[in-house]
Every structure is written in structure tokens, then in C-alpha cells.
Amino acid sequence: MRSEFPILSRRVHGGKPLVYLDNAATTQKPSVVIDAISEFYRHHNANVHRAGHVLGAEVTSMFEDARRVVAESIGATAEEIIFTRGTTESLNLLASTLSARFTGGNARRNVVITEMEHHANIVPWQMLRERTGAELRVIPVLDDGSLDMARAEELIDESTGVVSVVHVSNTLGTTNEVARLAELARRVGAVSIVDAAQSVSSAEVDVAAIGCDALVFSGHKVYGPMGIGVAFIRRELLDTLPPYQGGGSMITSVSFEKTTYAEGPLRFEAGTPNIEGAIGLGTALAWRNALDMRAVVAHKQDLTDRLVGGLQRRDGVNVHGRHQGHSGIVSFSLGGVHPQDLGLLLDAHGVAVRTGHHCTMPLTQRYSSNGSIRVSAAVYSSVDEVEMFFSALDRACAVLR
Ligand SMILES: Cc1ncc(COP(=O)(O)O)c(C=O)c1O
């Protein structure tokens, strides 16, 4: 598989093999995805849903094929898939279009999120709070890195309008009980949203099995291009939501007196979309769908066990959270060592990891005020790379301590 990813054979810093363990930030792209984007511009480039000419017709059918692949990949239908710029825009779209639930006669009064959310699933709800006065309730994380589900049951009540939770934490690697949380939301008539940015790349994610109303993710974290993402919204809910942005493509008719809006996902796709991004994402998901997911899960579990085990055997290392499950994401801190210093030394050995707060400031600061070092594997990550990481870690520690 590694040979399908051209960048993985790169050498850095005077000939050292690149050991790319920053996959939670973004994944690398297989040749099929790179070629699909290049092929789009070389042979097809035209606008979508507009032109009657041959290129326009080809591009529209490629774009809508990509929507179908995305839908099939997560157990949805194409009419439930909105293309966005990424997880962040998808969550902003939802927070914006769901605002009306928090105002007026039957207003709901709170949004429930968790302590382990990415900033993309915190800030849009704080902005909604500023607009509507809604309360933000936060399900706490226990010391082992799991969610306090007993507290979740108390916090989600009849006054809750939205429950928005991360599937796999980008910092701790914890896999949350999203089906259970969606069930708690459903019981009180709240909208359930799952941030699947870190799960779609290497797990079966099925919106029907989860039972959520909405699910969001980014193309660039699932071996696809940047600047493209997805908001799945259950059709019955989608039909009730007002538009997000106004412009071309999202209308059926416009006059100065009155405009009528398009039905389905197009109502939320104003303007020229990221067409090559959508085509690249469809290609990436088709590539992912052809993998043996059971083998992927077992491989990621093996890498996770090696990472956690190796870290726990070293003096002064504090592994954050419990890291069960196959997420391949492990964060840690090292007594007396600033994460950034360690990150720089690892980089000098060709090892790319992430240091800092990982856009989860409230969570990371709970474990370590300086942030942490995060190692994250992808399907193409190898046991050799884990060993090279540990060898670089030991050499860096010998310098720093
Ligand atoms: C769990 C999670 N949610 C949301 C995001 C935001 O994704 P994007 O920057 O692609 O919009 C990320 C990215 O790191 C993430 O890991």
C-alpha cells in the first residue's frame, strides 16, 4: 500500500526517511486521488449544474457520482449529503441553520457538547449562544479519557436542542458511544450531531447504525483533498432547515420581490463548489471502501498497542487518556520537557508528529498546561515507523534531559 502514496518515499533533512505520524492533522493522498484531480483539470474542467455543453454535463455527472459514493460510504442517500469546505464549515452550517430552535415560543434552551471537542465543535455553539442566549452544557471527561456517561444522561434533558459530540477524539484517541448519545438526544427530541472527522478514515461509520441526525467530516483526513468536506443531514431534518448562504445554485427562482430555494442538498451549496475536491473525495472514499476494514482495524490496534506500550515503558512519560480502541492516536507529555522542543528534535530525525493543544485547548490543558505530543497513525503507517519514532524519541530525550 505504501507505494500508492508518493510522498511516503520522500527523504527529509539530508536523506532521512520521512516518518509521517501526524495523520490526525491530515492524511497523505494515494496516486489515484492525485490523478483524479489532475485528470479533472486536464480533460473536464467546467462549472457544475449550469452548462449545457459536453464538459458541463460530464462534470455534473462526476460531481453527483462523487456525492453517491460519499453517501454509500456512510450508509446515507445522496439527497442527504451536502458538500462543504470541511468539518469546520459543516458544523458552522449546522449551528447557523439550527439557530431557530433556540428562539421563539417553543425554544430549546441548551446545546450539549463534550469536554473533548475540537474547537470546531465548541466555537460555533458559543456563537449560537451569543445570538440566542442558549446555554452550553459540557459532558465531562473522566481521568481515563472516556466520557462521563452518567453525567451525559443528566445533562441531556427536555430543554436540550442539540447534542453534538466527537466520534473519535483527535487528542486522546477515545472512541465515544455515539449511538448511545444519539439515543439520549432522540428521547428528548434534540438533534444529534456526530463529528466523524477522525473516524471515517479507518472505521465503518454508518449513520443508520449510529442513529444520528447529522454527521460531519473532512476530505483531507480520509485520504482525499483539502477544502472539501461533508455534512450528512437526515432528509426529514434537512427539509426543515433554512439556507445557510445565499447565491447561485441554491435557488429555483429569483426576483427582486421573492426568491424560492432549491430542494435537498443544493439549498446549502451556494456558489461554485469545490468540484475537483468533491471528485477527489469520491475517489478517496472509493479507495478506502475497497480496503478490508477488519484488517485496517487490527493493524491500527497493533500500532496503537505498540505506541502506548513503548511509551509506558519509558521513564517520565505520561500517556493521556486510556487509548482503547483502534484509533491510532496517542498523546503524551514528558516530565521536564516542553512538547515543542521534543517535536523539533523528532523532526530533525525525520519524524513528523504534532505538538501543542491540537485545537482542543480545554481538554489538553486538563492533562498538561504546555500541551502534549501527539503521534497519529494511518492505514499506511508501519511497525518500522513506530520503531523509528521510538529510536528518535530516545535520542531526543538523551539531549533534553
Ligand atoms: C475531531 C475533529 N473535529 C474537527 C476538526 C476540524 O477539521 P477541519 O479543519 O478539516 O475543518 C478536526 C481537525 O483536526 C478534528 O480532528
Side-chain angles (χ1 to χ4, degrees), residues 20-29 33 70 74 82-96 113-127 138-139 141 145 147 162-178 181 192-203 205 210 212 214-232 244 273-274 277-278 280-281 284-285 300 320-321 323 325 327-331 352-364 371-378:
Y20 185 76
L21 291 171
D22 192 18
N23 293 284
T26 197
T27 54
Q28 301 301 346
K29 324 301 172 201
V33 170
V70 171
I74 57 167
I82 299 165
F83 283 123
T84 63
R85 283 196 299 123
T87 309
T88 302
E89 188 177 43
S90 297
L91 288 165
N92 277 279
L93 181 156
L94 283 157
S96 161
I113 60 171
T114 80
E115 195 184 348
M116 66 172 86
E117 296 310 320
H118 187 279
H119 298 166
N121 201 21
I122 301 175
V123 184
W125 304 112
Q126 290 175 323
M127 290 161 68
V138 183
I139 304 169
V141 170
L147 280 184
V162 168
V163 177
S164 189
V165 293
V166 68
H167 194 179
V168 170
S169 160
N170 63 306
T171 298
L172 298 181
T174 309
T175 302
N176 290 317
E177 295 176 54
V178 283
L181 289 159
S192 56
I193 301 171
V194 174
D195 172 355
Q198 295 294 343
S199 50
V200 175
S201 58
S202 54
V205 171
I210 296 172
C212 54
L215 181 135
V216 298
F217 64 96
S218 300
H220 71 98
K221 292 187 198 279
V222 291
Y223 317 111
M226 299 197 168
I228 186 77
V230 170
F232 151 81
Y244 168 52
N274 180 351
L281 174 57
L285 286 174
K300 286 237 174 110
H320 300 174
H323 309 294
S327 71
I329 299 172
V330 180
S331 287
V353 297
R354 171 94 183 259
T355 59
H357 53 68
H358 321 302
C359 295
T360 55
M361 237 184 232
L363 175 71
T364 308
S372 67
I373 301 121
R374 181 183 70 187
V375 186
S376 53

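Side-chain atoms are counted along with the backbone in the values below, which use heavy atoms only and exclude waters and symmetry mates. In each ligand, atom 1 is the first atom listed, and ligand 1 is the first ligand listed. All of these numbers come straight from a predicted model, not from anything done at the bench.
Checked by atom type and distance alone, the side chain of T174 pairs as donor or acceptor with a backbone atom of G145 at under 3.5 Å. For H220 (side chain) and I228 (main-chain N/O), no donor-acceptor pair under 3.5 Å exists by modelled atom type. The closest donor-acceptor contact from the side chain of T27 to the backbone of N23 lies at 3.5 Å or more, if one exists at all.
The closest approach between a heavy atom of H220 and any atom of ligand 1 is below 4.0 Å. A heavy-atom separation below 4.0 Å is found between K221 and ligand 1.
Distance from atom 16 (O) of ligand 1 to its nearest protein heavy atom, with residue and atom name: Q198 NE2, 2.8 Å. For atom 15 (C) of ligand 1, the nearest non-hydrogen atom of the protein is H118 CD2, 3.4 Å. Nearest protein neighbour of atom 9 (O) of ligand 1, counting heavy atoms only, is T88 OG1, 3.7 Å. Residue, atom and distance of the protein heavy atom nearest to atom 3 (N) of ligand 1 are D195 OD2, 2.5 Å.
Every atom of ligand 1 is numbered from 1 in the order shown, and the set under 4.0 Å from a heavy atom of S218 is 7 (O), 8 (P), 10 (O), 11 (O). Taking a cut-off of under 4.0 Å to the non-hydrogen atoms of V166, the atoms of ligand 1 that pass are 1 (C). Those atoms of ligand 1 with a heavy atom of N170 less than 4.0 angstrom away are 1 (C), 16 (O).
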Should D195 and H167 be marked as a side-chain contact (heavy atoms from CB on, under 4.5 Å) after you check the CA-CA gap, both sets of side-chain angles, and the distance that decides it? CA-CA 6 Å; D195 172 355; H167 194 179; over 6 Å; no

For Q28 and Y223, run side-chain contact (heavy atoms from CB on, under 4.5 Å): C-alpha distance rounded to whole Å, both residues' side-chain angles, the deciding distance at 0.1 Å, then the answer. CA-CA 6 Å; Q28 301 301 346; Y223 317 111; over 6 Å; no

Apply side-chain contact (heavy atoms from CB on, under 4.5 Å) to the pair T171 and H357, showing each step before the final yes or no. CA-CA 8 Å; T171 298; H357 53 68; over 6 Å; no

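Annotation for E115: atom CD counts as buried by contact number, over 12 foreign heavy atoms lying within 6.0 Å.
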